[in-house]
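Below, each value reflects all heavy atoms present in this structure, side chains not excepted, and no hydrogens, waters or symmetry copies. In this chain, numbering begins with 1 at the start of the sequence shown.
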Amino acid sequence: MTKFMKAAIAEAELARDEGEIPVGAVVVLNDKIIGRGHNRVEALNDPTAHAEIIAITSACTFLSDQRLKDATLYVTLEPCPMCAGAIMLSRIKRCVYGAPDPIMGSLGSRYEIRRPELEVLDGVFSEECSKLLKEFFKKKRKEDNMH
């Protein structure tokens with residue numbers, strides 16, 4: 001589990017380096033990463049280009065299947081309603097996330113959008129995931145105040 005969450009964090013760092021909100025995700029099946037993604041909202045001018053959506057799409061393409069029924073999604077931030085919907089539609093078995101999202105979190109923090117059989121493990125590397133987000137927004141506020 002540790003290596004997969006670290007892979008999701010590496011994806012979040014890529015997002016940060018590209019000026020995106022630092023969220024990363026990987027989809028794992030049979031102990032192998034089959035999909036990766038990080039936020040690309042700004043680069044693609046697409047509000048749906050969240051890390052989870054990109055990772056799920058990548059995994060489905062890899063398998064040539066829309067169903068990821070035995071897969072686990074590792075993501076650095078609790079999924080939003082849109083991403084929770086994608087998790088349900090793709091039939092992902094388990095979601096492991098780092099930082100809770102009290103504003104848009106949809107696996108228990110704010111909303112509860114999930115199939116009953118979805119296993120959820122929260123708080124994995126929570127401090128590291130939260131720190132990435134806090135530092136990003138602190139830097140962004142500082143930059144915004146300079147203009």
Side-chain angles (χ1 to χ4, degrees), residues 1-63 66 68 71-115 118-147:
M1 179 184 329
T2 299
K3 70 179 176 180
F4 299 127
M5 197 53 150
K6 287 191 179 213
I9 290 168
E11 288 292 324
E13 290 168 342
L14 288 173
R16 176 202 60 209
D17 295 348
E18 294 170 9
E20 301 276 354
I21 295 173
V23 178
V26 296
V27 177
V28 175
L29 182 65
N30 299 325
D31 212 36
K32 179 182 175 197
I33 295 174
I34 61 167
R36 295 176 179 271
H38 58 273
N39 275 3
R40 302 277 315 202
V41 172
E42 300 295 329
L44 300 176
N45 289 313
D46 180 356
T48 70
H50 288 198
E52 301 95 321
I53 301 295
I54 293 169
I56 288 169
T57 300
S58 175
C60 290
T61 300
F62 178 82
L63 293 178
Q66 63 178 306
L68 303 171
T72 299
L73 173 70
Y74 292 83
V75 60
T76 58
L77 181 65
E78 181 180 5
C80 72
M82 175 185 68
C83 293
I87 290 166
M88 285 194 301
L89 292 171
S90 65
R91 307 294 195 272
I92 284 175
K93 179 180 182 176
R94 185 173 188 220
C95 179
V96 178
Y97 71 85
D101 184 349
I103 297 169
M104 293 298 285
S106 296
L107 294 180
S109 290
R110 176 75 184 256
Y111 307 107
E112 189 69 46
I113 302 174
R114 67 186 221 191
R115 297 178 337 277
L118 176 69
E119 299 169 30
V120 176
L121 180 59
D122 62 351
V124 178
F125 284 88
S126 178
E127 286 184 30
E128 193 170 343
C129 295
S130 294
K131 183 178 176 190
L132 268 171
L133 290 160
K134 287 175 184 169
E135 287 176 353
F136 175 82
F137 285 112
K138 183 178 179 182
K139 181 180 176 196
K140 186 151 182 59
R141 280 190 299 276
K142 186 176 181 182
E143 289 170 357
D144 289 348
N145 287 334
M146 289 182 183
H147 294 105

Show your working on side-chain contact (heavy atoms from CB on, under 4.5 Å) between H38 and E20 and close with a plain yes or no. CA-CA 9 Å; H38 58 273; E20 301 276 354; 5.5 Å; no
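- Other residues, nucleotides and ligands place more than 12 heavy atoms under 6.0 Å from the CG atom of D17.
- In terms of heavy atoms, L73 sits closest to A25 at CD1-CB, 4.0 Å.
- Annotation for A55 and V27: closest pair O-CG2, 3.7 Å, computed over non-hydrogen atoms.
- Rounded to the nearest 0.5 angstrom, L118 CG and R94 CZ are separated by 10.0 Å.
- Put simply, the side chain of E78 never gets that close to the backbone of Y97: no donor and acceptor are under 3.5 Å apart.
- Side-chain contact between D101 and S109: absent, with no pair of heavy atoms (C-beta onward) separated by less than 4.5 Å.
- Here the straight-line distance linking atom CD1 of I34 with atom CD1 of I56 works out to 10.5 Å at 0.5 Å rounding.
- Applying the salt bridge (Lys or Arg N to Asp or Glu O under 4.0 Å) test to R91 and every residue at least two apart in sequence or in another chain returns nothing.
- R36 places no side-chain N or O within donor-acceptor distance of the main-chain N or O of G24, the cut-off being under 3.5 Å.
- Side-chain atoms of S58 do not come within 3.5 Å of backbone N or O of I54 as any donor-acceptor pair.
- Using a 4.5 Å cut-off on side-chain heavy atoms (C-beta onward), I87 and R114 make no contact.
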May I have the list of side-chain donor-acceptor pairs in residues 119-141 shorter than 3.5 Å, sequence neighbours left out?
| residue | atom | partner | partner atom | Å |
| --- | --- | --- | --- | --- |
| S130 | OG | S126 | O | 3.0 |

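- Side-chain contact between T72 and V96 is present, with heavy atoms from C-beta onward closer than 4.5 Å.
- Look at E18 and R40 and you find a salt bridge, because one of the NZ, NE, NH1 or NH2 atoms lies within 4.0 Å of a carboxylate O, short of that distance.
- Between the CG atom of L29 and the NZ atom of K93 there is a distance of 10.0 Å, given to the nearest 0.5 Å.
- Nearest approach of M5 to T76, heavy atoms of both residues: CE-CA, 4.3 Å.
- For the pair I113 and M88, the minimum side-chain heavy-atom distance is below 4.5 Å.
- Contact record, H50 with V41: CD2-CG2, 3.8 Å, taken as the closest heavy-atom pair.
- Within the model, atoms OH of Y74 and OG1 of T2 stand 9.0 Å from one another, a figure rounded to the nearest 0.5 Å.
- Smallest separation of non-hydrogen atoms from L77 and P100: CD1-O, 3.8 Å.
- Of all heavy-atom pairs between I103 and Y111, the closest is O-CE1, 4.2 Å.
- Between S106 and P81, some side-chain heavy-atom pair lies under the 4.5 Å cut-off.
- Proximity of a side-chain donor or acceptor of N39 to a complementary backbone N or O of P22 within less than 3.5 Å is not detected.
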